[in-house]
There are 2 protein chains.
Amino acid sequence: MSAGEGSQTEQRLLDAAVGLFASQGFTATSVRQVCDRAEANIAAVNYHFGSKMGLYNAAIDHARTRAVDQNRFVQLDSNRDFWSDEPPQTRLRMFVSMLLDHSLDASGRPSDLARIFIHEMLDPTEAFDRQVDVSISRVFDALCDICRLVAADAGQGNMPVASIARIAFLISAQCMYPALTAGVVRVLHPAIEFDVSGREAIADAISSSAVAALTRGSDEAPDC
Amino acid sequence: MSAGEGSQTEQRLLDAAVGLFASQGFTATSVRQVCDRAEANIAAVNYHFGSKMGLYNAAIDHARTRAVDQNRFVQLDSNRDFWSDEPPQTRLRMFVSMLLDHSLDASGRPSDLARIFIHEMLDPTEAFDRQVDVSISRVFDALCDICRLVAADAGQGNMPVASIARIAFLISAQCMYPALTAGVVRVLHPAIEFDVSGREAIADAISSSAVAALTRGSDEAPDC
DNA sequence: TTGACATTCAAACGATTGATTGAAATGATC
DNA sequence: GATCATTTCAATCAATCGTTTGAATGTCAA
């Protein structure tokens with residue numbers, strides 16, 4: 001066997017599994033499908049990963065590792081330190097960009113990891129609780145923190161927690177929705193682009209409208 | 001047999017199928033699951049609907065019919081006439097409310113029809129093309145039309161098509177995202193509510209920020 | 001070359017899949 | 001009550017599911 005990490009078939013199985021689980025979900029994906037795409041024997045799954053669920057968990061970790069390597073994933077700890085000097089609005093803008101990079105891969109297509117998450121939210125498996133902890137929950141809390149800072153920075157420090165949470169929720173909605181619809185939008189309305197430049201325009205629109213909502217009073221219109 | 005529409009077991013099968021297809025998707029749902037929940041014999045599916053795919057299509061139509069009966073579904077033709085006298089901003093606000101009502105049912109839970117759509121976007125079946133035509137495409141075009149009217153009404157008639165489309169896309173993102181995440185949000189962050197009153201606050205936030213984006217220039221900040 | 005270990009392979013396991021069968025049950029009409 | 005079409009039912013079909021087995025193959029040290 002190889003000295004490094006995992007055999008070649010193990011890597012091929014993981015790559016194939018990530019793609020199939022992303023589009024079809026856990027139950028609708030068969031181990032034979034994965035093995036066919038990976039050009040591996042059927043018994044390889046249970047040999048390397050113990051079971052189909054073992055492969056599923058390993059595939060999720062594999063997708064997350066790939067995303068981190070490509071700097072596409074929200075790394076809370078390092079970023080929190082890295083950003084702490086920036087003004088709140090800048091941090092919000094960068095956080096939005098990171099969320100967008102999490103839902104779309106480098107070529108503007110829906111990312112595998114985000115699509116697996118969507119399947120889990122529709123029909124959770126036993127792997128979901130771990131995902132919520134390490135990703136969804138902490139990311140959303142961090143987004144709420146930044147939104148609170150933006151509001152406080154604009155003299156809206158007494159904005160209700162529910163309003164902050166609602167705005168943060170709508171921000172994440174705009175950032176994660178492309179992971180679900182980019183494929184359809186690409187065909188249906190090509191004017192909307194998800195490449196790097198198009199993504200910047202989207203990030204600008206999201207963060208600027210969020211700043212406007214956090215800056216003005218709870219329900220007041222911005223009377224100038 | 002009965003005079004009206006469909007037998008009793010046919011209705012029970014449809015109700016059970018809608019719920020199961022909504023959470024698990026087409027492939028991951030078995031006809032035995034549906035029949036167990038509907039308390040019907042296994043052969044009932046093929047007798048009443050010809051095949052599993054026939055049941056799937058009938059279930060989608062059933063869900064749409066139920067949604068229309070509850071006034072939760074976007075009825076473009078009738079609404080277009082009904083609204084034609086309202087000012088653009090009012091029409092946008094009402095359209096946002098309709099989209100929200102489409103993604104959430106009366107009790108604030110993700111709607112079955114929207115969840116089926118999400119499955120179709122992740123992993124399309126042969127039923128998807130029809131769905132795109134009758135729902136997604138026409139709804140999005142109508143939303144773009146309203147956005148264009150709002151922009152023109154504010155003297156931004158020359159706003160690029162891509163900008164209009166991007167804003168409309170972000171509006172639909174904020175309206176449809178609850179269909180995917182309401183279940184998780186309910187547990188993770190109860191401060192965000194999806195009942196009728198909470199939905200009004202969300203609709204206000206979405207439409208007001210959209211109006212702001214459509215009213216101000218392409219990338220200009222609203223210098224007062 | 002030998003032995004020990006890691007990996008791959010064809011074959012098969014019982015269970016479940018969507019679909020089909022023919023008989024039994026049901027209900028309406030005469 | 002007899003006749004007919006409609007609906008339900010248990011049983012079963014071939015195919016596929018996740019998993020397991022034991023033999024064959026590859027790899028490296030002794």
Side-chain angles (χ1 to χ4, degrees), chain A residues 1-60 62 116 119-120 123-128, chain B residues 1-60 62 116 119-120 123-128:
Chain A
M1 60 150 290
S2 70
E5 41 178 38
S7 63
Q8 288 190 13
T9 54
E10 200 172 321
Q11 291 294 315
R12 286 203 314 274
L13 282 173
L14 286 175
D15 287 332
V18 166
L20 287 171
F21 284 139
S23 58
Q24 303 176 348
F26 176 75
T27 309
T29 299
S30 70
V31 297
R32 282 176 174 82
Q33 261 184 305
V34 178
C35 291
D36 283 348
R37 177 177 289 195
E39 300 185 42
N41 189 270
I42 319 164
V45 165
N46 287 307
Y47 176 77
H48 287 284
F49 304 100
S51 67
K52 181 185 178 184
M53 182 56 73
L55 171 64
Y56 185 61
N57 284 306
I60 294 178
H62 182 63
I116 292 179
H119 277 289
E120 287 289 335
D123 187 30
T125 69
E126 59 188 64
F128 188 50
Chain B
M1 66 147 302
S2 68
E5 42 178 35
S7 62
Q8 288 191 13
T9 56
E10 201 172 321
Q11 291 295 315
R12 287 204 313 273
L13 282 173
L14 286 175
D15 286 332
V18 165
L20 288 170
F21 284 139
S23 59
Q24 303 176 349
F26 176 76
T27 309
T29 299
S30 69
V31 297
R32 281 175 174 81
Q33 262 185 303
V34 177
C35 291
D36 282 350
R37 176 176 291 195
E39 301 185 43
N41 188 271
I42 319 163
V45 165
N46 288 307
Y47 175 78
H48 287 284
F49 304 99
S51 66
K52 181 186 177 183
M53 182 56 73
L55 170 65
Y56 185 60
N57 284 305
I60 293 178
H62 182 63
I116 291 178
H119 277 289
E120 287 290 334
D123 187 30
T125 71
E126 59 189 64
F128 189 49

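Note that the structure is predicted; figures quoted are calculated from it, not measured. Here is the naming used below: chain letters follow the sequence lines, and residue numbers restart at 1 for every chain.
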A.B. asks: Can you tell me how far CD of B:Glu10 sits from CG of B:Leu13, rounded to the nearest 0.5 angstrom?
C.D. replies: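 Separation between the atoms: 8.0 Å.
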A.B. asks: For D:dT6, does either OP1 or OP2 sit under 4.0 Å from a side-chain N or O belonging to B:His48?
C.D. replies: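 For B:His48, the contact criterion (side-chain N or O under 4.0 Å from OP1 or OP2 of D:dT6) is not met.
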A.B. asks: Could you give me the CA-CA distance, side-chain angles and deciding distance for B:Leu55 and B:Phe21, then say whether side chain to side chain contact (heavy atoms under 4.5 Å, CB included) is met?
C.D. replies: CA-CA 10 Å; B:Leu55 170 65; B:Phe21 284 139; 4.2 Å; yes
A.B. asks: Stepwise, does the side chain to side chain contact (heavy atoms under 4.5 Å, CB included) test hold for B:Leu20 with B:Arg37?
C.D. replies: CA-CA 9 Å; B:Leu20 288 170; B:Arg37 176 176 291 195; 3.5 Å; yes
A.B. asks: A:Lys52 has an atom NZ; how far is it from atom P of D:dT20, in whole Å?
C.D. replies: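 Going from A:Lys52 (NZ) to D:dT20 (P), I get 14 Å.
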A.B. asks: Rounded to the nearest 0.5 Å, how far does CG of B:Leu14 lie from OG1 of B:Thr9?
C.D. replies: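 These two atoms lie 9.5 Å from each other.
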A.B. asks: First locate atom CZ of B:Arg32, then atom CD1 of B:Ile42, and finally report the distance between them rounded to the nearest 0.5 Å.
C.D. replies: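 Those atoms lie 4.5 Å apart.
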A.B. asks: Is there a residue in residues 19-46 of chain A whose heavy atoms reach under 4.0 Å of DNA chain C, and which residues are they?
C.D. replies: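 Result for residues 19-46 of chain A: A:Arg32, A:Asn41, A:Ala43, sorted by number.
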A.B. asks: How long is the span from the OH atom in B:Tyr56 to the CD1 atom in B:Ile116, to the nearest 0.5 Å?
C.D. replies: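 It comes to 6.0 Å.
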A.B. asks: List for me each residue that meets side-chain contact (heavy atoms from CB on, under 4.5 Å) alongside A:Glu39, sequence neighbours excluded, and say none if there are none.
C.D. replies: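 With neighbours one apart ignored, the set is empty.
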A.B. asks: Could you check how far CD of B:Gln8 sits from P of D:dT7, rounded to whole Å?
C.D. replies: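 So the two atoms are 12 Å apart, to the nearest Å.
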A.B. asks: Per the end-axis method with five pairs at each terminus, what is the bend angle of the helix from C:dT1-D:dA30 to C:dC30-D:dG1, to 10°?
C.D. replies: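 Terminal axis comparison yields 0°.
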A.B. asks: Given C:dT7, D:dT19, D:dT8, which nucleotide is nearest the side-chain atoms of A:Ser51?
C.D. replies: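 Side chain of A:Ser51 sits closest to D:dT19.
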A.B. asks: Side chains of A:Gln24 and A:His119, heavy atoms from C-beta outward: is any pair under 4.5 Å?
C.D. replies: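 They are not in contact (no side-chain heavy atoms under 4.5 Å apart), so the answer is no.
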A.B. asks: May I have the distance from A:Glu10 (atom CD) to C:dT7 (atom C1'), rounded to whole angstrom?
C.D. replies: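 Interatomic distance, CD of A:Glu10 to C1' of C:dT7: 11 Å.
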A.B. asks: Output the rounded distance in Å from OH (B:Tyr47) to C1' (C:dA23).
C.D. replies: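 About 15 Å, once rounded to whole Å.
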